[in-house]
2 protein chains.
Amino acid sequence: MPVKLDDIDRQIIDLLQENGRMPNNELAKRIGLTTTPTLERVKRLEREGVIKGYTAWIDRPSVNKGLTVFCNIKLSVHQLGKMEEFSKHIHGVPEILACYNTTGEYDYLLHVVVKDTNEYEHFLRTKLTQIPGVERIYTGIVLSVIKEQSKIMVTDNGDFNEE
Amino acid sequence: MPVKLDDIDRQIIDLLQENGRMPNNELAKRIGLTTTPTLERVKRLEREGVIKGYTAWIDRPSVNKGLTVFCNIKLSVHQLGKMEEFSKHIHGVPEILACYNTTGEYDYLLHVVVKDTNEYEHFLRTKLTQIPGVERIYTGIVLSVIKEQSKIMVTDNGDFNEE
DNA sequence: TAATTTAAAGAATATAATCCTGATATAAAA
DNA sequence: TTTTATATCAGGATTATATTCTTTAAATTA
């Protein structure tokens, strides 16, 4: 799955994570190439699936989605076999930004974004508790966001040396 | 903090979340306006801080960051007063994508992205446990990603009616 | 109704993306 | 070492897109 990337590719990935709309000519200037090879590299990264897309980063309070909640979910034992059905339900709920199958006491971690506690209560009652197999829900309300970035650091080769 | 948005603004936000690089003329076509007012609206949304930026969405396994971990952190009581110092440390660690101050048994939830468990162990030993005040760490490894999106649903007015 | 504001259209200009051709470098094979 | 193939890049021409300016229409207010 890892793709061969050289230092220029990593620079491109870095810059496009900082500004996904950076014009190709500026990108070219920054990495020290002309526009043609720069564009070719970007297109290749898109083609190979390294760059999966571009998105606008929205201020959540401005659009009335200022409350973030992380829910830990435990499924009932007899439901654990049919996870596909659970997944299908999750995908249909826009308030759930992310859902991870995790190790530990609970089975799933849900990243939920809503307007306020009222809307969260409504979400719990009409959406989450309606999903079959959900046995226990542990709600962790986000009081404040210390850090939240989408940018991931692309290191030189990905091969990591433990000293 | 919520900004007045009409239906066209919401369409723009929706489309630019789907494709942050959508050309203005296509955006205009989709929302049924000409390029001029469309561009004006986008610029206004950027100016008002509703659109905070644009970013390329990177495939993490492709860049050797295929392991996601959520860490719950408990700070020692005497450290809880000086959270600014904790924040400063968090901001300097690129593996930590997000850090939330949460309710519940633990104080913070950390969203961590690394290459593998080896690199995570190194991260724990050389980064996380070095932050002063960290008393307890509960590690939740992500076994699989059911859903992961950045797009948030922008509803009509943000005023929510509990039935 | 008249004045004022707001939003949008259309045309003209500026800027950027894309395509084409050719040059250079790197690596493998004779 | 020479030849061949393959990658990558540069520069210019073309096309597409963004941006600005001016005008028009609609909505709001006095």
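Hydrogens, waters and symmetry mates play no part in the numbers below; they use all other heavy atoms, side chains included. Proteins come first, then strands; the chains are lettered A, B, ... in the order of their sequence lines, and each starts at number 1. Just so it is clear, the structure is predicted and the values come from calculations on it, not from any experiment.
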Which whole-number value in Å describes the distance from [X] [atom1] to [N] [atom2]?
X       : N      : atom1 : atom2 : result
B:Arg21 : D:dA16 : CZ    : P     : 19 Å
B:Leu33 : C:dT6  : CG    : P     : 18 Å
B:Arg30 : D:dT17 : CZ    : P     : 13 Å
A:Asp9  : D:dA7  : CG    : P     : 15 Å
A:Leu5  : D:dA7  : CG    : C1'   : 16 Å
B:Lys43 : D:dA18 : NZ    : P     : 10 Å
B:Glu26 : D:dT17 : CD    : P     : 9 Å
A:Leu16 : C:dA17 : CG    : P     : 11 Å

Base orientation of D:dA7, chi within 90° of 0 counted as syn, else anti, reads syn

Partner nucleotide, any strand, of D:dA7 [Watson-Crick/G-U, under 3.5 Å]:
none

Pairing partner of C:dT18 (Watson-Crick or G-U wobble, both distances under 3.5 Å)
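Pairing partner: D:dA13.
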
Consider the side chain of [X], meaning its heavy atoms from C-beta on, and name the nucleotide among [options] that approaches it most closely.
X       : options                : answer
A:Thr34 : D:dA18, C:dT18, D:dC9  : D:dC9
B:Asn25 : D:dT17, D:dG12, C:dA11 : D:dT17
A:Thr36 : D:dA18, D:dG11, C:dT18 : D:dG11
B:Arg41 : D:dC9, C:dA16, C:dA7   : C:dA7
B:Ile8  : C:dA8, C:dA11, D:dA18  : C:dA8
A:Glu40 : D:dC9, C:dG10, D:dT17  : D:dC9

Using 30° and 60° as the class boundaries, would you call the ring planes of A:His111 and A:Phe70 parallel, tilted or perpendicular?
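Plane angle under 30°, so parallel.
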
Salt bridge present between B:Arg30 and B:Asp14 (N-O < 4.0 angstrom)
no

Applying the side chain to side chain contact (heavy atoms under 4.5 Å, CB included) criterion to A:Thr139, which one of A:Asn72, A:Val69, A:Leu128 satisfies it?
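Exactly one candidate clears the test, A:Val69.
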
Do A:Glu95 and A:Tyr120 touch side chain to side chain, with heavy atoms closer than 4.5 Å?
no

Are B:Arg60 and A:Ile152 packed together at the side-chain level, in the sense that at least one heavy-atom pair is separated by less than 4.5 angstrom?
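Yes. Closest side-chain heavy atoms under 4.5 Å.
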
With a 3.5 Å cut-off and heavy atoms only, can you find an N or O donor on one side and an acceptor on the other between the side chain of B:Thr35 and the base of D:dT17?
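Side chain to base: no pair present.
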
